[in-house]
Amino acid sequence: MTIARHLIDELELQQTLTKEQFLTLLQEITPEEREVIREKACATAKKHFGNQIYTRGLIEFSNYCKQDCYYCGIRRSNKDALRYRLTKEDILHCCKIGYDLGFRTYVLQGGEDGIYSDDDIVDLVSSIKAQFPDCAITLSIGEKSYESYAKYYQAGADRYLLRHETANDEHYAKLHPAKQTLKNRKQCLWDLKDIGYQVGTGFMVGSPYQTLETIVEDLLFIKELSPQMIGIGPFIPHHDTPFATETGGTLEQTLLLISILRLLIPNALIPATTALGTIDPKGREQGILAGANVVMPNLSPVTVRKKYSLYDNKICTGDEAAECKSCLSQRMKRIGYELAVDRGDFKPLLTEI
Ligand code: 5AD
Ligand code: FES
């Protein structure tokens, strides 16, 4: 047995590896062994979720952002981004459309838009909860104080997505201006956990300056944080950013990392992301077959879809919510899965209760 093959078994058994072992696995894995880990990850997801794929309705409600991440198309310095904000009524309308399509989770995502006060977010969350009490609300609005996060939680927000982006300080500094720090990012994640949110983190695969070593740090950080959700997708260059001419992440490496993450935290909620669907026409299907168990179709009004442009060539920007939902439902059916009408909460393992 090769060393990589042995490490796959070890990861499956121990649900972790050492730093050196992870590095060896990433360096040595052969195409045949990628297929082995994919099958194991897929079987693990099946064991926990059957053939049910959880769906989250994504509402991209503002693309104003005070942050300046070098990779992101809606960064503050991008003067060519066409900025928009949805009103509360627009958002509630998206929720209604989503509800009728069977969505029971809304992900409210936006740039770090300074115009919203905590009270605005609280009002938005409580209004959605009042109208759709059987739905979960996920916020994805960036770095805030403990107090702000606590207020949103009190108002009814259930989950929070905040990718750590990279767990290596030097790498973080190459992706962001100096005033954005990994230390603060991590603190936010620990605060969110402490408050009681189901927390999601993650990173881009193939971001500029990423190495196998930094990926190992990502895996170990994720294991330490033990988030309920893990979102990864390939880095895709955006033409109006400092990284316009950088190379994007690959399908192959993203699929391998999805499989590793599935074995690392077997019951985690892992989406087959839109970015994965963007770099390959069957990317999301392949993501599911590599161990992902969530899809996040877009519920934003078609009029704003193109404007929420984090990276180039994003898919689904011209399709109404209903079209996306039925497209995805057919895609999942073709590979033997179906979309669940369910909040799709994280289920702790018996040993974790
Ligand atoms: N390519 C891929 N993913 C990106 N994100 C931001 N910009 C890009 C890009 N150019 C991801 C980040 C962020 C999430 C909302 O989108 O990881 O956390
Ligand atoms: Fe949006 Fe296919 S999922 S069009």
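Both counts, for ligands and for their atoms, begin at 1 and track the order of listing. Count residues from 1 along the sequence.
No cation-pi contact links Lys144 to Tyr149, judged by a cut-off of 6.0 Å to the six-membered ring centre and 45° from its axis. The side-chain tip of Arg85 points at the ring of Tyr64 from less than 6.0 angstrom away and within 45° of straight on.
With Arg104 as reference, Asp134 is the one residue of Asp342, Asp134, Asp158 to meet the salt bridge (Lys or Arg N to Asp or Glu O under 4.0 Å) rule.
Look at Asp9 and Lys40 and you find a salt bridge, because one of the NZ, NE, NH1 or NH2 atoms lies within 4.0 Å of a carboxylate O, short of that distance.
Judged purely by distance below 3.5 Å, without hydrogens or angles, the side chains of Ser145 and Ser148 pair a donor atom with an acceptor atom. With 3.5 Å as the limit, one finds a donor-acceptor pair spanning the side chains of Glu60 and Asn298.
A heavy-atom cutoff of 4.0 Å around ligand 1 is satisfied by the protein residues Tyr71, Cys72, Gln109, Arg163, Glu165, Met204, Pro234, Phe235, Ile236, Leu310, Tyr311.
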